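Let me begin by presenting the structure, written as C-alpha cells, before commenting on it.
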Amino acid sequence: MRALPAEGQDWPALKQALLDAKSRDYSWKRGRMAVFFYYLDEALERIQQEAYMTFWTENNLGQRAFPSLARLEREVIGMGLSLMRAPEGAGGTFTSGGSESIFLAMLAARERAGKANPNIVIPDTAHLTFDRACWYLGIEVRRVRTDRDRQSDVMAMAAAVDYDTIALVGSAPNYPFGSIDRIEALGALAQQHDLWLHVDACVGGFLSPFLSRLGVNLPGWDFSVPGVTSISADIHKHGMAPKGASLLLVRDDALRQHHRFESSAWARGTYAAYTAQGTRPGGAVAAAWAVMMHLGEAGYLDCARRILDARRAIAAGVATIPGLEVLPGNHAILVFRSTDPALPIGAVATALDARGWLVSRQAEPDGIHLHLNPLHAEVAEEYLADLQAAVAEARGGATPAMAAGRAY
Ligand SMILES: Cc1ncc(COP(=O)(O)O)c(C=O)c1O
C-alpha cells in the first residue's frame, strides 16, 4: 500500500506519472471501446475542458455564493425539459449521473406513496441501478420478464402490481438491447393505479429526439405520453457533456419536494438539499451548459446522424460474416451473437480484445454489446476488419473464451 509521501513531489514528474498510467488504458479516443465514453471531436473536447475549468472548483452546493451556477443549472434543466416536451409547471434537478437521478426518483416515489412495504414493478431489462437504489431505500423490486421484442410486457407488469406498489419503470431505451418499453401502455397503467411512472432515458434522453427527426421510428417515451411522472436523462452520455451530469425531470415541480432533505438537527442550523450529493462540482454544470449551447439542435442532430451511420455500417458488416447475427434494433446499442456452435462468441471477444478493442460481453443472449457514439462511424471499417480476423481466429479453436456477462 502506498503511504502519503513525506515530502511533496514536483508537478512535472507527477504529470508524467499520470500520463504514463493512462497510456496503458484502452484508447477511447481512437474509438477502441463501445462503453464508458462519448466522443465527438477535439473541438468539443476543448470546450468541455475549458468550460469545466472556468468553474473548476466552485461548489454548486453553495448557490447563494454562486448565483451564476444557479442560473446555468436552471438553463440546463430548462433545455432538458423542452427537449423532453415537458408541460408548463414541470421541474428538474441536476445530478451527478443516471444512478443518482434514478435513486432520487425512487426516493420521491416512495415518499409520495407512503406505503409500509413498498415495491416497484420494472421490466427485466431495466438497469440494475434500480435494484441498487431500492436496496438503499428498502424497496422491493419486482422484475418482470420482457416479451420477444425485449419490450415491457405490460399485462405481466399489471399482474405484478399490488396494494404496496409505488412505481412502474420503463426504459427508453434499455441498456442491454436498446429497445424502448411500451411507455404509453405503462402510462395508462400508472394512471389507473395512481402510480409513479419513471422513464429511464439515461441513454436515450439526448439522442432519441434527434433519431426521431432523422426518421427512425421510435415509440412515445417522453412527457407527451400521459402518465409519465419523471424522466432520467444523462447529459454525460449522449448529451456529450463530461462526466458528472444528469437530469431528473418531473412533470410537476411540486413532486421534487418528495426527494428534498431538510433538517435543523445540529448546531449549524438548517441544511437542505434536493440531491444525494452535498458538495457538487460547479464545473460539471458549466461544462454541460456550454456543450448544450455549443451543439444546439443542429449539433445533436449531427451526432445522431453519425451514430446511425456507425450502426448501419457495423450491422451490415457483421451480417456478412457467416455465423454471426445482429439482434434487431434501431438505437445506439447494437448486440450481436453467434448462431454457429463452432464459433464461440467468447473466443471472438478474446481475439478482438487482443487487437485493442475493449469488448463488452452480453450475458443473455451470449453475445457482444456495443454502445455506439459518433466516433464509431470513423472506426467502423477498422472494427469490422478486426472482427473478421477475430472470427477466423476463434474458428481456429485455439483462442480461450472471454467470460460472458462482464458488462462493465
Ligand atoms: C439505461 C441506463 N440507466 C441508468 C444508467 C446509470 O447511469 P450512470 O452510470 O450515469 O449512473 C445507465 C448507465 O449505463 C444506463 O445505461
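Note that the structure is predicted; figures quoted are calculated from it, not measured. We count ligands from 1, going down the list as the structure has it; atoms in each ligand are counted the same way.
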Numbered in order shown, the ligand 1 atoms found under 4.0 Å of a heavy atom of Gly98 are 7 (O), 8 (P), 10 (O), 11 (O)
is_close_aromatic(His127, Phe103), centroid dist under 6.0 Å
no
Does one side chain, of Tyr163 or Asn117, offer a donor that lies under 3.5 Å from an acceptor on the other?
no
Looking only at the side chains, is there a donor atom on one of Ser101 and Ser246 sitting less than 3.5 Å from an acceptor on the other?
yes
With a cut-off of 4.0 Å, which atoms of ligand 1 are near a heavy atom of Tyr175?
16 (O)
Give the numbers and elements of all ligand 1 atoms closer than 4.0 Å to a heavy atom of Lys237.
5 (C), 6 (C), 7 (O), 8 (P), 9 (O), 10 (O), 12 (C), 13 (C), 14 (O)
Go through the side-chain N and O atoms of Thr129 and Arg132 and say whether any donor and acceptor fall under 3.5 Å apart.
yes
Given Glu100, Lys243, His127, which one has a non-hydrogen atom that is nearest to atom 5 (C) of ligand 1?
His127
Evaluate ring-ring contact (aromatic ring centres under 6.0 Å, His included) for His238 paired with Tyr38, printing each intermediate quantity in order.
CA-CA 7 Å; His238 291 291; Tyr38 300 82; 5.1 Å; yes
Can you classify the ring geometry of Phe210 versus Tyr300 as parallel (below 30°), tilted (30 to 60°) or perpendicular (above 60°)?
parallel
Please list, in number order, the atoms of ligand 1 under 4.0 Å from a heavy atom of Cys202.
2 (C), 3 (N), 4 (C)
Provide the number and element of each atom of ligand 1 under 4.0 Å from a heavy atom of Asp200.
1 (C), 2 (C), 3 (N), 4 (C)
Pairing donors with acceptors under 3.5 angstrom, does anything connect the side chains of Ser338 and Asp340?
no
With a heavy-atom distance limit of 4.0 Å, tell me whether Asn174 approaches ligand 1 through its side chain, its backbone, both, or neither.
neither
Consider only side-chain N and O atoms of Asn119 and Asp162, and report whether a donor and an acceptor are under 3.5 Å apart.
yes
Output the list of atoms in ligand 1 that are nearer than 4.0 Å to some heavy atom of His236, sorted by atom number.
10 (O)
Do any N/O atoms on Thr129 end up under 3.5 angstrom from N/O atoms on ligand 1?
no
Out of all atoms in ligand 1, which are within 4.0 Å of some heavy atom of Ser99? Include the element for each.
6 (C), 7 (O), 8 (P), 11 (O)
Would you mind listing which atoms of ligand 1 come within a distance below 4.0 Å of any non-hydrogen atom of Ile102?
4 (C)
